[in-house]
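We name chains A, B, ... by the order of the sequence lines, and we start the count at 1 in each one.
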Amino acid sequence: MSQTNRLSSGGLIDRRKPLSFQYNGKQYQGYEGDTLASALLANGVDIIGRSFKYSRPRGIVAAGAEEPNAVMQIGASEATQIPNVRATQQALYEGLVSSATNGWPNVDFDVMSYVGKIGGKMMPPGFYYKTFMWPQTMWPTYEKYIRKAAGLGRSSTMKDPDQYDTLNHHCDVMIVGAGPTGLAAARAAAATGARVIIADEQEMFGGSLLSSRELINGKPAIDWVRTVVDELSANPDVVMLPRSTVNGYHDHNFVTIHERRADHIGDRAPVGMTRQRMHRVRAHWVVLATGAQERPLVFAHNDVPGVMLASAVTTYIERFGVVPGNELVLMTSNDDAYLTALSWASTGRKVVAVVDSRAKADGDLVKQVIDKGIRVIFGSAVYDVDGGTRVKAARISGLTADGKKLTGKSETLSCDTIASSGGWSPVVHLSCHTGSRPVWDDNIIGFVPGETQQKQLIAGGIRGHYDLLDCLTEGMNCGYVAAERSGYGPVGKRPEYKVARIRRSPAMPLFLVPHLKPISQAPKQFVDLQNDVTSAGIELATREGFESIEHVKRYTAMGFGTDQGKLGNINGMAITAQVLGKSIAETGTTVFRPNYTPITFGAIAGRNCGELFDAKRYSAMQPWHEENGALFEDVGQWKRPWYFPKSGETMQQSLNREVLAVRNSVGILDASTLGKIDIQGKDAREFLARVYTNAWAKLGVGKCRYGLMCKEDGMVFDDGVTSCLAENHFLMTTTTGGAARVLEWLELYHQTEWPELEVYMTSVTDHWATMTISGPNSRKLLAQLTDDIDLDKDTFKFMDWRPGTVAGVPARVFRISFTGELSYEINVSANHGLQVWKKLMEVGKQYDITPYGTETMHVLRAEKGFIIVGQDTDSTLTPYDLGMGWAVAPTKPFSFIGKRGMAREDAVKPNRKQLVGLMAKKPDVVIPEGSQAVANPNQPIPMTMLGHITSSYYSATLGRSIAMGLIRGGLDRMGETVYYPQADGSVIEAEICSPVFYDPKGDRQNV
Amino acid sequence: MSEVLEPKKASAAGTVASAEPVYALMDQRPADMSNAESPLSRFRWQVSSSGKNVGVVARELALLGHFILRGNVANADFVKGAAEVLGVELPGTLKSNAKGNLVVRWLAPDEWLITVPGEQAFAIESNLRKRLTGHYSLVNVSGGQTLLVLSGADAVNVLRKSCHYDVHDRNFPVGKVVGTTFAKAQCVIRRAGQQEWELVIRRSFADYLAAWIQDAAQEYGFAVK
Amino acid sequence: MEKYSALGLLKHSLSNHENWPRLWHNPTPKKKYDIIIVGGGGHGLATAYYLAKNHGITNVAVLEKGWLGGGNTARNTTIVRSNYLWDESARLYEHALKLWEGLSQDLNYNVMFSQRGVYHLCHTLQDIRDNERLVSANRLNGIDNEMIDAEQLQREIPLLDCSRNTRFPVLGASVQRRAGNARHDAVAWGYARAAAALGVDLIQQCEVVDMVIENGAITGVKTRQHGVIKADRVGCVAAGNSGVLAKMAGFELPVESHPLQALVSEPIKPVLDTVVMSNHVHGYMSQSDKGDLVIGAGIDSWVGYGQRGSYSIIEHTIQAIVEMFPAVSRVRMNRQWGGIVDTCPDACPIITATPVRNLFFNCGWGTGGFKATPGSGHVFAETLALGKAAPLAEPFSMFRFHSGALIDEHGAAAVAH
Amino acid sequence: MLHIFCPHCGEYREEEEFRCKGQAHIARPLDPEACSDEEWGHFMFFRQNTRGQHRELWVHSTGCRKHFNVIRNTVTYEIEKVYLVGTKPETEGAAS
Ligand SMILES: Cc1cc2nc3c(=O)[nH]c(=O)nc-3n(C[C@H](O)[C@H](O)[C@H](O)COP(=O)(O)OP(=O)(O)OC[C@H]3O[C@@H](n4cnc5c(N)ncnc54)[C@H](O)[C@@H]3O)c2cc1C
Ligand SMILES: NC(=O)c1ccc[n+]([C@@H]2O[C@H](COP(=O)([O-])OP(=O)(O)OC[C@H]3O[C@@H](n4cnc5c(N)ncnc54)[C@H](O)[C@@H]3O)[C@@H](O)[C@H]2O)c1
Ligand SMILES: Cc1cc2nc3c(=O)[nH]c(=O)nc-3n(C[C@H](O)[C@H](O)[C@H](O)COP(=O)(O)O)c2cc1C
Ligand SMILES: [Zn+2]
């Protein structure tokens, strides 16, 4: 295919580097330096999509972030599909595959457009709120069809093959936008020695200068850009980020930047490179030099392909060497657009006329156009367009001085392109992200940034200052000021900029060009092209009472699209103001929020996916567990062995084997994950007494004690054993999941409530590897591995601990038990955990030592009625509710945490839910955990529930099922029967009993 | 929580007179260290294929003695005593002091991390216990953490991918110590040299952090010493 | 009130939609009302509607400081479900769900209530236990909810990664099939239109800045724009601003206002036709009828009235989303925003009389009150009409925080929704 | 994204290093048993929830693990002052 619209010279493309690409299945060619949009235009492609609601053909309108129509599907394979890529911001690369997003069967012939044409009148804003209500049962069907029509592009269905990452930055001056203003600012700030970051969303730095014919210091602007870029690149304290969109400006000068590192290279990133990168910047000062976007004028049929933004036309000609048509009608309310006429004329193609809404204008550019002999029609406007799939003609008419009415005769100018300019809208978006509201400025006919809390400076186009010399000077000044306020400079000699000033005549505020017919009857005048929002739609919204601009937005969907209304919003606000008879300042804007332009989910997630989504925490014995076939359970961030199946075993068979091994011989558990806190200081005891519910004053050295912790409300929140290592020295254990929480809670109380207590706490969770050997043979086993610990049952008693050596490694051994069997918890420095574990396994072989995991541990402890905080409790239970009043010492001198809470009216009510044991009447039935109990299973629904099963297992020890659960008033209802209705309609009958199912006297651990 | 303007008197209820030692002291290192496993000793590093430039080098300083010392700097004798035993002053805010292989890092206004060669650990612990006075705490955490040194021209970029702390020379000179978040874990970082960053890594997070680090380092060329 | 219908739409299209009536007017406030409702969000408007419809009280004003439905009603991720754990809340939310089921017809306004199902993923054994408990309790309370395993889940939601390769593999899910979502703005507008038609004054741009209290009873409110407006009873339904209003009345609430954020992707073709939420990896997602993926983010831990929160929260949320739905990695996030949610220590609302006579509060819905909108309005209208708590509201008194009769729904409420 | 000065580390740090622990200066009653249910409930649950200048307690959890107080505007999010637990801010702002 030939590039019919490509000029033979000029622009910043490299004609020596042709690139081929695909659009809608056809091959085309463009050049390096093209965007997908410029390449499509070069090839004379008019229709690049269909509109969302009415399915009208659409063409490329803009050249940058404000483009509403050209949102394409990109991707050569299923896994690399990217929906909704703005063609104006997608660099062309060899082999790029693209297609239009909407349109069925294709964009050139779209069946849906007939629905739009016929049904369009039936589809004003909000029509769906008024219909589809009958019959009620049909809504799911209606919705199915509504949803079919939804969406623009499509997501891949496969895992993304690319990777993304994040880089953190700190800088003195963050500059957003690398147009003349931003570059001048960066140069100034960098000269002071400040750390500078400058980012621009475009492929290269230069901003508006990339398509400008102006001279800076006597040379083409692009030369100046190159010089400055080189200068900045040489400075190690300057970070330059082209292709990087500052997508969010957050509180306290936190800025996020989305860098597309590889999107210009190919379908997916080269090996070893992330596709995109999020930069997270904390800046002292931020300089916003984001420039301004041109505003189109709104007139009837302004969506026909060939209607474009004036400045975009200039950009395509000057930067890309592409003339997007043959015959141009230019419609403007200001001088700047005359540049477009000059550019167009310079290509040798025809400028049919410049239609200027102003009665007269005599600025330098206007004069140049008139001097060229181009027809300029003052006091007129394009009010309608002829053409379906491409502009055929512009209808123009005289316009009253206030722009409210057409006057005089209308004329039809045949042309294939209409470029329009209604002036400029400063890119205020970022300045609004932190809550600042923009303010309307009549002088520049636009919104400018309002007051802010941030350390933010603004310069150039964003302030409505468009003169190039002003931009350079303002940018430079801001650069210096920002650097100085960050503690750098001042510098001696400042660069001087010489730029010829262009005299401009005053612009006219014009947004909606009136039609011969009133708004409601005129042909569609599009405001938001992506969402098919028209001036009539806005008028209708206000007529129905949606008068706040926020209501207008939500009722019409104006600004909801992927362009977030960059092109249309200000016009929409002006039209709302007009139909309400208010000023634009009164109407105000909607809220600009991140993102400035949409950014990839993958990029935000960065490397935090899959394996790295969250830390996996392991104990020192993990290699052994893996080698020995453990299955793992996620407990917090920990991976804990769940059980150790042998080949061919079912889970229940493994559990039975593991349980019986503990009961009959010896089992071994990796208990390293328990939280451990080393507590030292002379007030340690007092501190323990305040944070645990029970007493600690008399716990002797060498002794251990179990304790419950409550919050101030008296509800249990953690538990564990604390041991007295020495008079002023304790070791506290917590639940695995609660470790960090408990330590932070202890610190909170110590630091803020009781700083006078002399106590220090240090986490030693990771330091100690803990292995529990449990079972009647555990003493024998231990005896074979230690010669310096006296294991005699009367010297080393239950709830004692002893220091010594185990398997040649210094250890602390705690005789505590969570299984009810004779047990020893062996703690060694984790550097030696694996070696001691292996030794235990080796020596334990003679007792058939059996490793067991959390599941077996749960069964064993349930046989003994020991609770697991978080499983048997849920933050609504006091120690008394758990039947653990024995662990509360209400007479302690200090009102320990939880004491007052558990005495509140509701907490002492007689009929509270209490933890009891439950035995299914059929011993082989394991009541499903979570099952709710009722007194009468035949009562109507809703039933009165008594509580639920918290733990439930098959106990191989007892040869039957056992369960623990809450029952209202349960502690006084021993022997009663309760019922557990199941999802399948069956009912499980169970008897309330003591939760201690096995060895109630504790004989087995006291041996 | 409460605003404690005038500390209440500590209740004396807890203290019982006893001849027992006040703190438990224990040499936790076996004589035979041949089977010891440092937190990273088993990690299977994936280094860049040879021939590539190496921008980041990782090196574990395994099996050192690690101690958390806590105490009050207002207690002059505690400060003096610590300095006497350690041979260096307790460093002030965000600083470290080193003498040979012994490094003391500031962690908090009342907290320091001391690392020493493993074989000296117990001697130093004992000497501190003997010498220190007043309210203080000393905890051996040698099994719970390790030091990983990242060096090379791009080590700094691995840090910038992993934590949001400002690692620029102007903010993070050699010798500075910072406790911060690192990926989704907590980490203490000391700048040990111009291109040398020493991370304190908790054992249970070691695999995760190592995997994270090598992934971050891949693009620069990664080697392990 | 003109009845909306497809036929009406056709008729109006013939006159170029020039004759559509307003949904509500902008009345000048009267000097005195029987009842003033402070807050024109979904709950406030629903309250006004049911006061008029069910209790015949039409001398009512809704005072809204901004635009109707512009608070959390405009900002939520629209999840509607009733599978709460405790009897008290289950009853309240199920009451709401039943009202949702006929709401479009009742209001003659299509609120697009879509019962597409809500899934709660289980990633740990404890998640399974908690969900089994919830499902069992719901069932016996007459609320549909069921457990499904990972294989079935994968069949029902192809986009979800139910493989073992994730950091926290999905073990199963509970699903309430009658749950779903609705078009949030339409709910506010539908109630507003219906309430206005019954004679309620909806007064926008009218901020309450003080309370007029005489002898321990409220007699009116002071507004920034219209001075004092008197009333026999006042009901505050101001969500995140409830604490501010309570302060005007001289008391504190057990409520803190936090930023809660949400975000949407660009519109894409349908990929997800239900609602999926995971407490464990902490994220949830659905797809709107327009095609955007609607994603709820987490809550900031600090009090914030700025309608924006921290970026790190967004990061964590998106990590979770990409982890659950790896196929959307290349899709882009379009917009994020925040609301101010009034959170209670037990994650349950407060519908209550207060220390000031004739002053009532309906607040504390926190991260999950959208789903309750019809029920909350219904019950609060009854409360205001009676001058004391309606039966369904009784357990939700603010004084439960004295006695300790909390209704701890953290498990069921967990992530924001 | 807040940037918070830790008075213990003497530096600004990123929000992710901290955790907010809620309203500051809530005195734990010295004699809890003398409190009525109402008073105790108030201590535990009722909060100023200030819109505007708010005092709150923060902890530098991944840094020095120390708690400190912050005066922060809950509307603009600006941090006006940071001060140690157990001290009063030098100037008394009008707590609103
Ligand atoms: C991001 C996000 C996601 C959520 N997702 C869900 C979800 O999926 N499902 C769910 O059930 N819930 C969700 N919620 C919660 C839900 O949005 C709220 O609980 C619910 O909308 C509250 O409704 P409301 O009418 O009480 O409050 P609002 O809609 O906030 O209305 C309160 C009104 O009071 C006005 N007001 C305040 N002060 C004054 C004053 N002084 N004078 C006059 N007027 C005043 C406000 O301007 C506001 O319009 C979410 C919330 C957020 C922020
Ligand atoms: N009236 C006029 O004639 C007129 C109007 C507008 C602009 N201009 C010309 O434009 C220039 C204004 O200079 P300027 O430097 O202020 O603006 P500029 O438009 O030259 O540069 C702004 C740059 O910021 C980038 N940008 C905007 N938002 C961004 C974001 N969120 N992230 C990353 N990059 C972003 C843009 O892509 C652009 O490159 C002058 O040269 C002036 O002559 C003239
Ligand atoms: C369910 C839901 C879906 C939304 N979808 C979009 C959307 O597709 N595009 C968009 O720009 N905003 C969308 N929004 C966000 C709104 O634009 C807006 O940000 C939100 O209502 C908060 O208001 P504010 O940003 O004006 O403060 C959506 C909001 C909600 C609650
Ligand atoms: Zn600190």
With distance as the sole criterion, is a donor-acceptor pair present between the side chains of [X] and [Y] under 3.5 Å?
X	Y	result
Q564(A)	R335(C)	yes
R183(C)	N110(C)	no
T157(A)	E78(A)	yes

Where on [X] is there a heavy atom nearer than 4.5 Å to chain A: the side chain, the backbone, both, or neither?
X	answer
S288(C)	backbone
V271(C)	side chain
R116(C)	side chain
Q205(C)	neither
N108(C)	both
E266(C)	both
L14(C)	neither
V281(C)	both
Q126(C)	side chain
E94(C)	neither
V322(C)	side chain
L7(C)	neither

Sorted by chain and number, sequence neighbours left out, side-chain contact (heavy atoms from CB on, under 4.5 Å) with K616(A) holds for E611(A), Y618(A), K639(A), R167(C)
Where does [X] contact chain C at under 4.5 Å (heavy atoms): side chain, backbone, both or neither?
X	value
E539(A)	neither
L540(A)	side chain
E633(A)	side chain
P594(A)	both
A541(A)	neither
Q939(A)	neither
S951(A)	neither

Practice problem: Find out whether the Lys NZ or Arg CZ of R133(C) is both under 6.0 angstrom from the six-membered ring centre of W86(C) and within 45° of the ring's axis. | Solution: yes
(message) Taking the six-membered ring of Y145(A) as reference, does the cationic atom of K148(A) (NZ for Lys, CZ for Arg) lie under 6.0 Å from its centre and within 45° of its axis?
(response) yes
Residues at least two apart in sequence or cross-chain that pass ring pair (Phe, Tyr, Trp, His ring centres under 6.0 Å) with F401(C), listed by chain then number, are F45(D)
Give me the ring orientation class for [X] and [Y]: parallel if the planes are under 30° apart, tilted from 30 to 60°, perpendicular past 60°.
X	Y	value
W20(C)	H17(C)	parallel
Y129(A)	Y555(A)	parallel
F254(A)	Y311(C)	tilted

Heavy-atom closest pair (V111(C) atom, S104(C) atom, distance to 0.1 Å) is N-OG, 3.1 Å
Heavy-atom closest pair (S520(A) atom, N16(C) atom, distance to 0.1 Å) is O-CB, 3.5 Å
Given I318(C), T124(C), V328(C), the one with more heavy-atom pairs under 4.5 angstrom with chain A than any other is I318(C)
Counting heavy-atom pairs under 4.5 Å with chain C, the top scorer among G901(A), G435(A), G248(A) is G435(A)
Interface check, chain C: of T434(A), I949(A), T876(A), most non-hydrogen pairs under 4.5 Å belong to T434(A)
Which of H258(A), R275(A), Q276(A) passes side-chain hydrogen bond (donor to acceptor under 3.5 Å, both in side chains) with Y164(A)? Answer is R275(A)
